[in-house]
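Since this is a predicted model, take the numbers as computed values, not measurements.
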Amino acid sequence: MNEHDERLTAGRDSTHQENGEDHADSGPRQEDGAQVSTGSETAGAPEAIPELVIISGMSGAGRSTAAKCLEDLGWFVVDNLPPALIPTMVELGARSQGNVARIAVVVDVRGRRFFDNLRESLADLDTRGVTRRIVFLESSDDALVRRFESVRRPHPLQGDGRIVDGIDAERELLRELRGDADLVIDTSSLNVHELRAKMDAQFAGEEEPELRATVMSFGFKYGLPVDADLVADMRFLPNPHWVPELSAFTGVNEEVAAYVFNQPGAKEFLDRYAELLRLVAAGYRREGKRYVTIAIGCTGGKHRSVAMSEKLAARLAAEGVETVVVHRDMGRE
């Protein structure tokens with residue numbers, strides 16, 4: 001050991017010197033077992049590792065709004081970070097002594113040169129035990145085309161082609177990531193305030209629940225919800241629309257709900273579907289999935305699906321699942 005090394009070593013814990021430990025031949029380690037960073041290792045206890053949310057999805061689907069919402073909730077947000085640098089960002093957060101406890105990263109096709117590195121980065125995060133979630137913003141082609149035309153901007157991937165060509169290319173590029181997403185939000189019919197409300201509902205809680213469920217009623221005639229994980233069809237029940245004294249009301253009305261659940265099969269469906277969801281929820285928890293969207297449909301999304309969604313959400317909430325109810329098409333008729 002030269003004179004310079006001796007001066008660097010002199011300031012270390014005197015216990016090491018008394019025990020005759022050699023500081024030169026292996027990585028420096030304190031007696032209590034804590035690792036001293038050498039520049040290539042991450043210091044700090046596992047609990048110092050920040051939470052991570054990766055925001056991605058279709059261009060024009062609302063990624064910036066979702067990111068701003070998390071920023072307003074106190075998250076440290078980085079826009080358009082190359083995926084290969086995500087583990088580095090998490091490591092820097094872990095060194096912040098708790099000052100950066102939650103990080104949100106926006107990943108999109110603007111960084112397409114680096115996009116192939118995303119899966120490798122996610123695998124790296126998993127090996128480090130980082131709690132990470134993927135939020136994917138989805139939207140229909142029609143809605144995306146309208147949004148790009150309204151701001152008179154080209155799609156990042158359209159090149160010399162049309163906007164729809166860029167959208168198709170982006171969907172193909174993001175297909176696997178969408179399948180891996182923990183939370184998919186369809187913004188086709190949402191305005192900025194409604195999207196913020198959805199993000200608030202999922203992330204505003206101070207304590208992270210084991211599982212969050214969105215129970216969504218919808219009308220089949222308006223199309224299937226593209227962000228649904230599970231879909232159930234209530235059209236096997238008689239439609240209150242054809243009962244004159246009930247037609248004007250919705251499924252949140254007590255008379256309509258009573259009519260729906262007095263029909264043969266309604267209560268049995270609720271009981272058995274709730275039992276099935278217990279099984280599914282247990283599997284989601286084991287797999288680390290934190291969000292599930294359960295879509296309940298009928299013809300117009302006004303009576304049967306609304307009544308069943310309300311009852312099902314109450315069942316889930318009673319069993320400890322944090323539940324949000326959304327009636328997508330109620331009021332459209």
Side-chain angles (χ1 to χ4, degrees), residues 57-58 60-62 65-66 69 136-150 164 167 183-202 212-263 265-266 269-270 273 291-317 323-333:
M58 300 297 296
T65 298
C69 181
F136 192 94
L137 281 300
E138 173 69 276
S139 195
S140 68
D141 287 3
D142 289 344
L144 294 175
V145 169
R146 286 197 304 270
R147 291 168 190 173
F148 276 105
E149 288 181 342
S150 68
V164 291
I167 293 172
L183 176 63
V184 178
I185 299 178
D186 179 18
T187 67
S188 302
S189 58
L190 301 181
N191 59 34
V192 171
H193 304 293
E194 290 168 333
L195 175 55
R196 290 183 64 91
K198 281 207 168 204
M199 292 294 294
D200 283 339
Q202 300 294 348
R212 278 193 171 113
T214 298
V215 181
M216 177 190 300
S217 68
F218 73 96
F220 277 96
K221 70 180 183 180
Y222 300 114
L224 286 168
V226 298
D227 50 349
D229 296 295
L230 302 167
V231 178
D233 186 354
M234 296 298 101
R235 291 177 294 183
F236 71 94
L237 299 172
N239 193 347
H241 174 77
W242 304 113
V243 180
E245 59 269 28
L246 299 178
S247 179
F249 297 104
T250 68
V252 297
N253 178 271
E254 291 184 5
E255 288 80 5
V256 173
Y259 175 86
V260 170
F261 283 96
N262 282 331
Q263 303 303 319
F269 173 85
L270 177 61
Y273 198 57
Y291 307 99
V292 58
T293 298
I294 304 160
I296 309 292
C298 62
T299 304
K302 181 179 178 182
H303 297 110
R304 295 163 290 181
S305 62
V306 172
M308 187 62 71
S309 294
E310 292 285 341
K311 290 287 188 182
L312 182 61
R315 286 280 186 97
L316 293 174
T323 308
V324 176
V325 184
V326 176
H327 300 303
R328 190 191 75 175
D329 298 322
M330 189 173 72
R332 293 185 68 166
E333 291 185 345

Apply the test side chain to side chain contact (heavy atoms under 4.5 Å, CB included) to residues K311 and I296: give CA-CA distance (whole Å), side-chain angles for both, the deciding distance (0.1 Å), then the verdict.
CA-CA 11 Å; K311 290 287 188 182; I296 309 292; over 6 Å; no

Worked check of side chain to side chain contact (heavy atoms under 4.5 Å, CB included) between V252 and V306
CA-CA 7 Å; V252 297; V306 172; 3.6 Å; yes

Are T323 and R315 close enough, and set up right, to give a side-chain hydrogen bond (donor to acceptor under 3.5 Å, both in side chains), and what steps lead you there?
CA-CA 10 Å; T323 308; R315 286 280 186 97; over 6 Å; no

T65 and M199: CA distance, side-chain angles, deciding distance, side chain to side chain contact (heavy atoms under 4.5 Å, CB included) verdict
CA-CA 9 Å; T65 298; M199 292 294 294; over 6 Å; no

Take T214 and Q202 through the test side-chain hydrogen bond (donor to acceptor under 3.5 Å, both in side chains) and record every step on the way to the result.
CA-CA 9 Å; T214 298; Q202 300 294 348; 3.3 Å; yes

N239 and R304: side chain to side chain contact (heavy atoms under 4.5 Å, CB included), yes or no, with the steps?
CA-CA 7 Å; N239 193 347; R304 295 163 290 181; 3.2 Å; yes

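Between D229 and Y291, the shortest heavy-atom distance links the atoms OD2-O, 4.2 Å. Taking all atoms of both residues into account, the shortest heavy-atom contact from A295 to A228 is CB-CB, 3.7 Å. Y273 and L230 get closest at one heavy-atom pair: OH-CB, 3.8 Å. Closest of all the heavy-atom pairs between E138 and M58 is OE1-CG, 3.7 Å. Among all heavy-atom pairs drawn from F218 and G223, the shortest one is CD1-O, 3.8 Å. For the residue pair L144 and A61, the shortest heavy atom distance occurs at CD2-N, 3.9 Å.
A 6.0 Å sphere centred on NZ of K198 holds more than 12 heavy atoms belonging to other residues, nucleotides or ligands. In the displayed structure, E245 atom CD is contacted under 6.0 Å by more than 12 heavy atoms of other residues, nucleotides or ligands. Within 6.0 Å of atom CZ in F269, more than 12 heavy atoms from other residues, nucleotides or ligands are found, so the atom counts as buried in its surroundings.
Counted by atom type alone, S189 and R332 present zero donor-acceptor pairs between their side chains at under 3.5 Å.
Contact of the H327 side chain with the S309 side chain is registered, since non-hydrogen atoms from C-beta on lie closer than 4.5 Å. For the pair L195/I185, a side-chain contact is recorded, criterion being any heavy-atom separation below 4.5 Å from C-beta on. Residues F249 and P240 have side chains not in contact (no heavy-atom distance under 4.5 Å, counting atoms from C-beta outward). A heavy-atom distance below 4.5 Å is not found between the side chains of V164 and D141. Residues F261 and M308 meet the side-chain proximity criterion, which asks for heavy atoms closer than 4.5 Å.
Note: S217 OG to M330 CE = 6.5 Å, rounded to the nearest 0.5 Å. Interatomic distance, F136 CZ to L183 CG, rounded to the nearest 0.5 Å: 11.5 Å.
Judged by a 6.0 Å distance limit and a 45° cone about the ring axis, R328 is not positioned over the six-membered ring of Y222.
Counting only distance, with no hydrogens or angles, the side chain of E194 and the backbone of N191 share a donor-acceptor pair below 3.5 Å. Judged by distance alone, with hydrogens and angles left aside, the side-chain atoms of K302 form a donor-acceptor pair with the main-chain N or O of S247 at under 3.5 Å. Under a 3.5 Å cut-off, the side chain of D227 and the backbone N or O of D186 do form a donor-acceptor pair. Not a single donor-acceptor pair under 3.5 Å links the side chain of D329 to the backbone N or O of G301. Judged by distance alone, the side chain of N253 and the main-chain N or O of V256 form a donor-acceptor pair under 3.5 Å. A donor-acceptor pair under 3.5 Å is formed between the side chain of S140 and the backbone N or O of A143.
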